[in-house]
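The structure appears below as structure tokens.
The first residue of the sequence shown is numbered 1, and numbering continues consecutively from there.
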Amino acid sequence: MKDFLSVGDYSPQALQEFLDLAVELKKEYQETGRNAPILKDKKLGMIFQKPSLRTRVSFERGMEHLGGSAMYIGPAEIGLGKRESIADVARVMAGYVDGVMARVFDHQHVVEFAKWSSIPVINGLSDYNHPCQAMADVLTILEEFGALKGTNVTYVGDGNNVAVSLMHACTKLGANFTIANPEGYGMPESSIEEGRKFAAESGSQIRLLTDPHEAVRDADAIYTDTWTSMGQEEEAAKRERVFPPYQVNEQLISEAREHVIVLHCLPAHRNHEITDAVADGPHSRLFPQAHNRMHAQKAILAKLLAD
Ligand code: CP
Ligand code: NVA
């Protein structure tokens with residue numbers, strides 16, 4: 001496959017291969033301080049329609065580790081689909097760089113970009129999903145528990161882009177996925193159908209709940225994300241009224257398994273969706289998880305861009 005647009009596009013075997021390579025590249029880097037230059041002289045173009053810390057820096061450093069480099073193109077530039085059509089931007093970029101990572105508002109824009117691009121396109125977050133994040137998430141869970149099959153992953157909060165990709169990755173790889181969201185803030189019905197299909201294929205369970213307390217019982221990992229995603233700012237006040245019962249705090253994690261780990265894609269809105277005590281407490285894996293973005297993405301870059 002040329003592109004990395006959704007975890008759901010890949011078979012469990014292919015996802016496992018990305019994870020195996022991520023583990024290998026991480027080990028090589030940690031033991032020797034470097035990786036083999038398998039992307040020597042390759043350039044990744046990074047198009048951002050929204051702000052970023054992790055995605056930008058982890059992709060840039062990841063390319064450097066593999067012998068290549070990356071170019072940042074910020075929200076004020078290009079004017080994707082406004083100054084110039086997506087089809088034209090995609091075909092122009094393909095003559096300059098070896099791969100494109102794009103963070104967009106509308107998922108259809110990254111799909112359209114990939115359709116016109118002769119080089120690999122990686123989705124760095126859209127309104128529909130966040131597949132690179134999910135690969136780092138399952139890598140973190142795998143490192144913690146040694147396996148994904150049978151692990152109980154509970155997402156508490158908004159059924160957003162991060163929840164959808166996490167659900168794709170868990171159900172593809174045999175982890176049980178539970179979400180607890182307020183009524184009206186669940187994942188899109190079409191995504192739920194995808195998750196149900198993947199779970200049936202891998203033999204995992206998927207549960208859609210509204211009670212966070214029921215959802216975290218038996219959880220090995222509890223995951224949360226912002227209540228208001230980028231692009232939803234005008235709904236922020238309303239969301240702040242709806243979501244407080246879904247806060248991941250010490251009381252909630254005490255209701256899960258004793259060894260439960262807590263994950264968050266970051267940026268965190270402290271003492272909103274997650275308390276300081278939990279984010280900085282013994283169950284938190286927030287920073288290893290953020291660091292795993294780089295390791296997981298190096299595997300994606302290596303598989304898509306290497307000759
Ligand atoms: N988790 C994540 O994608 O972070 P950034 O928005 O900082 O890239
Ligand atoms: N759901 C969040 C994730 C940020 C990395 C957003 O889309 O803003």
Side-chain angles (χ1 to χ4, degrees), residues 7-8 12 15-16 18-19 22-23 129-131 133-182 185-187 191-225 243 245-266 268 273-275 278-279 281-286 288-290 292 296:
V7 170
L15 295 173
Q16 191 58 54
F18 281 119
L19 285 176
V23 169
N129 65 353
H130 197 359
Q133 180 66 53
M135 295 308 289
D137 301 339
V138 287
L139 175 60
T140 311
I141 296 167
L142 182 65
E143 286 177 337
E144 187 73 31
F145 299 113
L148 290 162
K149 239 186 183 20
T151 303
N152 296 332
V153 178
T154 292
Y155 181 99
V156 177
D158 187 23
N160 62 15
N161 45 9
V162 167
V164 165
S165 281
L166 182 69
M167 175 196 63
H168 284 158
C170 287
T171 53
K172 281 267 177 182
L173 292 164
N176 301 315
F177 181 82
T178 300
I179 184 169
N181 55 261
Y185 292 90
M187 297 179 291
S191 306
I192 294 169
E193 280 316 308
E194 292 167 341
R196 287 211 171 102
K197 179 168 157 279
F198 302 153
E201 286 163 2
S202 74
S204 78
Q205 308 281 326
I206 178 165
R207 292 191 305 159
L208 312 172
L209 305 177
T210 51
D211 180 357
H213 304 281
E214 185 186 349
V216 301
R217 220 174 291 140
D218 294 331
D220 298 302
I222 297 176
Y223 200 118
T224 192
D225 182 20
F243 278 95
Y246 294 81
Q247 183 186 67
V248 174
N249 51 34
E250 284 177 301
Q251 171 59 41
L252 192 68
I253 67 168
S254 75
E255 297 168 23
R257 288 182 168 166
E258 221 173 290
H259 64 234
V260 71
I261 61 166
V262 175
L263 301 169
H264 188 310
C265 61
L266 302 177
E273 76 271 7
I274 190 166
T275 58
V278 171
H283 298 274
S284 170
R285 297 292 180 276
L286 267 53
Q289 178 191 6
N292 274 340

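- No side-chain donor from either of N181 and D158 sits under 3.5 Å from a side-chain acceptor of the other.
- Between Y185 and F243, a ring centre-to-centre spacing shorter than 6.0 Å is recorded.
- Formation of a donor-acceptor pair under 3.5 Å by the T178 side chain with backbone atoms of R207 is not found in this model.
- Between the N129 side chain and the P131 main chain, no donor and acceptor come within less than 3.5 Å of each other.
- Without hydrogens or angle criteria, T140 side chain to A136 main chain gives a donor-acceptor distance under 3.5 Å.
- Looking at N249 and Q247, their side chains do bring a donor and an acceptor atom within 3.5 Å of each other.
- Proximity of the aromatic rings of H168 and F198 is defined here by a centroid distance below 6.0 angstrom, and this criterion is met.
- When only modelled atom types and interatomic distance are considered, E143 and N292 share a side-chain donor-acceptor pair under 3.5 Å.
- Between the S254 side chain and the Q251 main chain, a donor and an acceptor come within less than 3.5 Å of each other.
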Please assess E255 against R217 for the test salt bridge (charged side-chain N to carboxylate O under 4.0 Å, His left out), listing each intermediate value before the final yes or no.
-> CA-CA 6 Å; E255 297 168 23; R217 220 174 291 140; over 6 Å; no
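- Judged by distance alone, with hydrogens and angles left aside, the side-chain atoms of E194 form no donor-acceptor pair with the main-chain N or O of G8 at under 3.5 Å.
- A salt bridge does not link K197 with E193: every distance from a Lys NZ or Arg NE/NH1/NH2 to an Asp or Glu carboxylate oxygen is 4.0 Å or more.
- Side-chain contact check for H264 and Q289: no donor-acceptor pair (N or O, by modelled atom type) lies under 3.5 Å.
- With respect to H283, the side chain to side chain contact (heavy atoms under 4.5 Å, CB included) criterion is satisfied by exactly one of I253, V278, I261: I253.
- Side-chain contact annotation: Y246 with D211, donor-acceptor N/O pair under 3.5 Å absent.
- At least one donor-acceptor pair under 3.5 Å links the side chain of N152 to the backbone N or O of D218.
- A donor-acceptor contact shorter than 3.5 Å links the side chain of K149 to the backbone of S202.
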